[in-house]
**Student:** 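Okay, here's the structure, questions in a sec.
To find a chain, count down the sequence lines: A is the first, B the second, and so on, and within it residues start at 1.
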Amino acid sequence: MDWRAYQQRQRIVELGDRYLSYLDQGEGAPVVLLHGIPTWGYLWDDLAARLDSRWRVLVPDLLGFGYSDKSDRFDRSISAQAEAVERWLDLLGIERATVVGHDLGGAVALRIGALRPERIERLCVMNTACYDAWPVEVMLQLGHPALTRLVSARTLSVLMQQGLRLGFHRAPPARLLAGLVAPYGTEVGKLSLVRDAVALDTNLTMELNALLPKIERETLVLWGEGDRFLPVQYGERLAADLPRARLIRLMRARHFVMHDRLDEVAELLELFLSRGLGALAPSMEVPEPAPKGSSGAGGPPPPSPPGLG
Amino acid sequence: MKELGEHEAIGELARIFHDVRQTLRASGVGLTVRLLAGEFPRSLPFLWETLRGNVETRAFEDAADHLRAEATGAASELAPLGARPQVRLGDSQAHRLRATLVLHHYLAPKLLVLAAAARAALQGARLGAVGASGERIERGVPARMVAMELESERPPDHRTRALFRAVRRAHRGQPLGDEIRALALWPSYLHAVWDALEPLAETPRYRDDCDRLARAADGVAHSLPFSISLQPAHLARLGDRASELVDRLARQQTQLAASTLNLALCLLEWDPVDVVRASPFPAATRAPLAREAA
């Protein structure tokens, strides 16, 4: 849907002096989708629509992002974000949920998984910030305080759209790019993003290293193979360190794997959510999708990879 | 007219902007201060330092509270805008929109007192009420106040651009009020508000209410506790003409009186009149310094 329609569907909750906007759709076991930087809950719109017929899908805008509180006076580190997510779940009366995180959101998910495992049903991380994989160069630049004076909000929006395109294997629809940058088109939005970027702290993922092997919950690690920001080797590390994890590489996909391979990501998640890692083959690659129409052109369709019906 | 955006300020003006936000207890400095920074950058620090002692007082806060209450009373006797029912807003949108209205509803009367006091002082009025208390209020942006987020003066949405042009025409080329740019983040709501306000603003009753508010601001400016000395000669040494500054402040006073009334009109569609009349961010008294206490 258009980002304005998405925004209209968002609810809101007050977390002390802050507020958090979120989407809540579907019924069933709760699944939380956590976006990264520089996006917001709208990132998950298409995937959420695939899941909400069977699960209750909850999509917050992390503090400082999207249409959550963007005032210039609170901690935006992943530790603070993890605490905020937990308080938000408390307010919704949700004790445990499957948490799916992408990029920065994946780091938040891992942090909750490591420090508050009792809140986690299952974990899924996609092209996630972890170890010392972050912050990436462009985020280091974005976080410089001088940027607020050097670049107007409009210019930054244009630059952001150009940068975001690099995270897609194929050119994304214009409405998606426009929607992803929409909350950051004002000076307040721009400043909030700068503050979000400067809060990216490698120490907060490195301190989890000793805890990763203790995460007992099943973890699905999905990775767009062609990610130029967060290389797949970090996904390999995670899959090795997490005791109950499975890495699935998706070919012809980059950082925004949930868009590049929406059908496959949705199907893998549905299998994982309903049947766990046992439904998925060990460490697999999902090749590029067959061209449309090829299955009727004479030969039998190519076999589906194991784990994808 | 040239304003200096808050993100553009550096050096002394950035320091002044920070001090203004802290002293006015707002997450933004407001259009009046941005205009002064843009048009009179050399004089603004002097102007602010001269006024600041009054701005941080309970008397100043009470003066703004009085204007807010007056505006609410006047608004409650005008016909309801009918804007809110026309627009479909989600929970998050409604929450943030209301919080934005509250922010500007708090700040506009304070800027109105500031503009009135500065203008009067520049015109030679003796300000400083004998016997008035110099009690000071706490500094800092209230914890629950939202960020002052404004749409660009040239918004990407063509309907909103057209509305901005219409507002500027109606205000004879004056810069857009902050409440207009803030509400532009909810374009449908802003359009509904403007559709109601545009004809209302032509009525004698509305104009009288605005005039009364502007004059009331002149009155409360005289209740501030500390004398203010703003000598045109000093401004001339800084390279600015007092007459131009007076003109700018007078126009701002007129605009702010209307904004104060309009914000009350908007908020009466969200909250009961008693809530709108009261200060949304009551200020605690600042503890005196040890030497003051002694």
**Student:** Please list, in residue-number order, every residue in residues 52-79 of chain A that has a heavy atom less than 4.5 Å from any heavy atom of chain B; write 'none' if there are none.
**Tutor:** A/Tyr67, A/Lys70, A/Ser71, A/Arg73
**Student:** By number, which residues in residues 20-44 of chain A have some heavy atom less than 4.5 Å away from chain B?
**Tutor:** A/Ser21
**Student:** Considering only NZ, NE, NH1 and NH2 on the basic side and carboxylate oxygens on the acidic side, decide whether B/Glu149 and B/Arg96 come within less than 4.0 Å.
**Tutor:** no
**Student:** Against B/Thr285, only a single residue in B/Arg136, B/Arg58, B/Glu138 fulfils side-chain hydrogen bond (donor to acceptor under 3.5 Å, both in side chains); can you say which?
**Tutor:** B/Arg58
**Student:** Regarding A/Arg149 and B/Glu8, does a basic nitrogen lie under 4.0 Å from an acidic carboxylate oxygen?
**Tutor:** no
**Student:** Salt bridge or not between B/Asp157 and B/Arg159? Use side-chain N to carboxylate O under 4.0 Å.
**Tutor:** no
**Student:** Can you say whether B/Ala94 sits under 4.5 Å from chain A via the side chain, the backbone, both, or neither, judging by heavy atoms?
**Tutor:** neither
**Student:** Establish, yes or no, whether the cationic atom of A/Arg175 lies under 6.0 Å from the six-membered ring centre of A/Trp3 and within 45° of the ring axis.
**Tutor:** no
**Student:** Report the C-alpha separation of B/Arg25 and B/Tyr106 in whole Å, then their side-chain angles, then the decisive distance to 0.1 Å, and conclude whether the side-chain hydrogen bond (donor to acceptor under 3.5 Å, both in side chains) test is met.
**Tutor:** CA-CA 9 Å; B/Arg25 302 176 70 235; B/Tyr106 178 70; 2.7 Å; yes
**Student:** Relative to chain A, which of B/Gly5, B/Gly28, B/Gly90, B/Ala9 shows the most heavy atom pairs under 4.5 Å?
**Tutor:** B/Gly90
**Student:** For the interface with chain A, which of B/Glu151, B/Met145, B/Met148 has the highest count of heavy-atom pairs at distances below 4.5 Å?
**Tutor:** B/Met145
**Student:** Passes side-chain hydrogen bond (donor to acceptor under 3.5 Å, both in side chains), B/Arg68 versus B/Thr260? Steps please.
**Tutor:** CA-CA 7 Å; B/Arg68 193 178 304 109; B/Thr260 302; over 6 Å; no
**Student:** Tell me, side chain or backbone of A/Arg9 under 4.5 Å from chain B's heavy atoms, or both, or neither?
**Tutor:** neither
**Student:** Tell me, side chain or backbone of B/Pro156 under 4.5 Å from chain A's heavy atoms, or both, or neither?
**Tutor:** both
**Student:** Between B/Arg52 and B/Glu56, does at least one N-O distance fall below 4.0 Å, as a salt bridge requires?
**Tutor:** yes
**Student:** Are the charged groups of B/Arg84 and B/Glu269 less than 4.0 angstrom apart, N to O?
**Tutor:** no
**Student:** Examine whether an atom of A/Pro145 lies under 4.5 Å from a heavy atom of chain B, and if so say whether it belongs to the side chain, the backbone or both; otherwise answer neither.
**Tutor:** neither
**Student:** Less than 4.5 Å apart, side chain to side chain, heavy atoms only: is that true for A/Glu14 and A/Leu91?
**Tutor:** no
**Student:** To the closest 0.5 Å, what do you measure between CG (B/Leu89) and NE2 (B/His95)?
**Tutor:** 13.0 Å
**Student:** Applying side-chain hydrogen bond (donor to acceptor under 3.5 Å, both in side chains), run through B/Gln252 and B/Gln255 and close with a yes or a no.
**Tutor:** CA-CA 5 Å; B/Gln252 275 296 288; B/Gln255 187 173 16; 2.8 Å; yes
**Student:** Could you have a look at B/Ser152, B/Ser92, B/Ser27 and say which one has the most heavy-atom pairs with chain A under 4.5 angstrom?
**Tutor:** B/Ser92
**Student:** Are A/Arg154 and B/Glu153 close enough for a salt bridge, meaning some N to O gap below 4.0 Å?
**Tutor:** no
**Student:** Please determine, among A/Leu191, A/Thr148, A/Leu150, the option with the most heavy-atom pairs under 4.5 Å with chain B.
**Tutor:** A/Thr148
